Engineer: 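Below is a structure I'd like to ask you about.
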Amino acid sequence: MNYADFHRRSIEEPDAFWAEQAKLVDWHKPFDTVCDYSKPPFVTWFAGGQTNLCHNAVDRHLATRPDDKALIWVSTEVDKEVVYSFRELHAEVQRMAAILRELGVKKGDRVLVYMPMIAEAAFTMLACARIGAIHSVVFGGFASVSLASRIDNAAPTVIVSADAGSRAGKVVPYKGLLDEAIKLAKAKPTKVLMVDRGLAKFERSAGRDEDYATLRSKHMNTQVPCEWVDSTHPSYTLYTSGTTGTPKGVQRDTGGYCVALAASMKHIYLGKPGETYFSTSDIGWVVGHSYIVYGPLIGGMATIMYEGLPIRPDAGVWWSLVEKYKVTSMFSAPTAVRVLKKQDPAYLKKYDLSSLRALFLAGEPLDEPTATWISESLGRPIIDNYWQTETGWPILSLCNGVEQLPSKFGSPGLAVYGYNVKLIDEATGKEMTHSDEKGVVMIEGPLPPGCMQTVWQDDERFVKTYWTVLDGKHMYSTFDWGVRDKDGYYFILGRTDDVINVAGHRLGTREIEESISSHANVAEVAVVGVADQLKGQVAMAFVIAKDASALGDQAARLKLEGEIMKVVDSQLGAVARPSRVLFVTALPKTRSGKLLRRALQAVAEHRDPGDMSTIEDPTALQQVKALVG
Ligand code: ATP
Ligand code: MG
């Protein structure tokens, strides 16, 4: 089918379009209304319908593929690999569901998951869905204060955790952090369920802490049927990455999410039942929710859950898994590709990757040099896709399952079906209708199925944060800035906060970064706008050099700085030239690998960087502080 028609139909006849997609999932009770948008910007998808995410991810495959692989857990941290068939996964999920029930969890209760990348984390999420409990997964490794605020927000009945995670072979104990967080939190869980991996000793609080293995052995054969829930029943809450400020708690429904994921497996991620999907993300992020746990399983695929680094034991480890499990769709992030880029490219040629239909990348801008590098090294198609925790699945992508369209490197592709994407002029609120005009990426309501219902327990924050009314229409802002070419391909230019205004010229930090990264000795770069008395703002660049030996002394640094400025001059013009290029060995990033530009900017302007709860390595920021003086 022609993709343009497919997209047009999704916008002009949403009811017919989504009723069709809804056939991809099982309904216990059919819905009465496809889309109820009577209280904008709130929308209800598949009202009156009843279904269950766990049924669609697990139980419904028992009839057709009970012995197919479902969950493939691989850990290069503890050197273990366990494969669960759909039958085995079904049994484990029922055991976990029985345990949660025994610990007092009822439909609508929250269960907070603070776990490393172990199979039991997936069992917990699916078990929650099974009994209608709402999970709130908090990235394992968040420190006590961030964890405590999430505990307070979710007010969970039960917290499921583990003794420890592991990173680069080093044990990262969890329980001490968890105990501290519970002490700090006002909302106290009644029970804490501990999965003991035998990695770290921990203290048990009598009467509160329970042992998973002990309870599991009691429930080896307990049957826990799926609880049929309304389509609108919240399935989970999850926080955004905290790149631009304090993280927002996203609330997701059940029916719309189930349909959106099933449809995306078919139209975007090219997955077929019986095949294998490998997403390298973490269950603590939205990609982990949608495309490690729910999406692939709903699509009847095996999913690989990987605990470990991309470069340990060596940089070939991911590709060895692609070969071994004949992975057909793989999903990763540009930040991971940049890590691989620093390794020996021979590892990308060592394994048979012929099963792979495409490597999907999302989470941050995929610059053209990185896209070209990974595409040439792998010899497989690369598909950039753009979305947010809020949406739960892609806003922009190529939908090659509908029609094969060419990639344009640097662009995440076209508006995905269901999304009525508009570029809006920030100053006038008018739509940019000509190609190559820059604007804020907005989505005209209603948001399609699967997107956030609201901010958890804060409808007002949802409306105030994301929505504006333009020409009588409710518009959702992504807070990203973009441009569309004549073929309808979008290019994301950066966050709306990242627009630099140099003497009246509006520049995207992304454009300058893209230009700087074309210099042969630049491994990574971040550009921020810094207040300047004369010009309003100037660009400042922080660069990680590929070859640090070229930075031996001040003269060498100045030489490279001069070369980089020249590159920008020739590509974008002198107005975009950074006022300074500073060399660092690390950039401040969130734990999900996103550049914390607001922190760089604050430090460069000698301000307090604000909420740094999601920063990965605080020393990266100290380095910057030392440099800017
Ligand atoms: P917060 O909302 O808390 O500030 P965040 O926006 O980083 O954090 P996420 O929901 O994880 O939280 O990330 C979504 C954002 O990531 C998008 O709004 C966009 O800025 C960026 N992004 C995601 N995918 C892409 C992509 N393919 N190309 C460019 N940018 C992307
Ligand atoms: Mg965001």
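For the numbers below, each heavy atom of this structure counts, side chains included, while hydrogens, waters and symmetry mates do not. Everything numeric in this text was worked out from a predicted model, so none of it was measured. Read the numbers this way: they start at 1 and go in the same order the structure lists the ligands and their atoms.
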Engineer: Would you confirm whether T303, through its side chain, and I292, through its main-chain N or O, come within 3.5 Å as a donor-acceptor pair?
Structural biologist: yes
Engineer: Can you sort out the partners of H135 under side chain to side chain donor-acceptor pair (under 3.5 Å), two or more places apart, ordered by chain and number?
Structural biologist: Y294
Engineer: Near ligand 1, which protein residues have a heavy atom under 4.0 Å away?
Structural biologist: T240, S241, G242, T243, T244, K248, G363, E364, P365, D384, N385, Y386, W387, Q388, T389, E390, D480, I492, R495, K594
Engineer: Could you tell me which residues satisfy side-chain contact (heavy atoms from CB on, under 4.5 Å) with S407, sequence neighbours excluded, listed by chain and number?
Structural biologist: L398, F409
Engineer: Has K430 got more than 12 heavy atoms of other residues, nucleotides or ligands less than 6.0 Å from its NZ?
Structural biologist: no
Engineer: Sequence neighbours excluded, which residues qualify as side-chain contact (heavy atoms from CB on, under 4.5 Å) partners of K464?
Structural biologist: E460
Engineer: Is K594 paired with E616 through a side-chain N to carboxylate O contact shorter than 4.0 Å?
Structural biologist: no
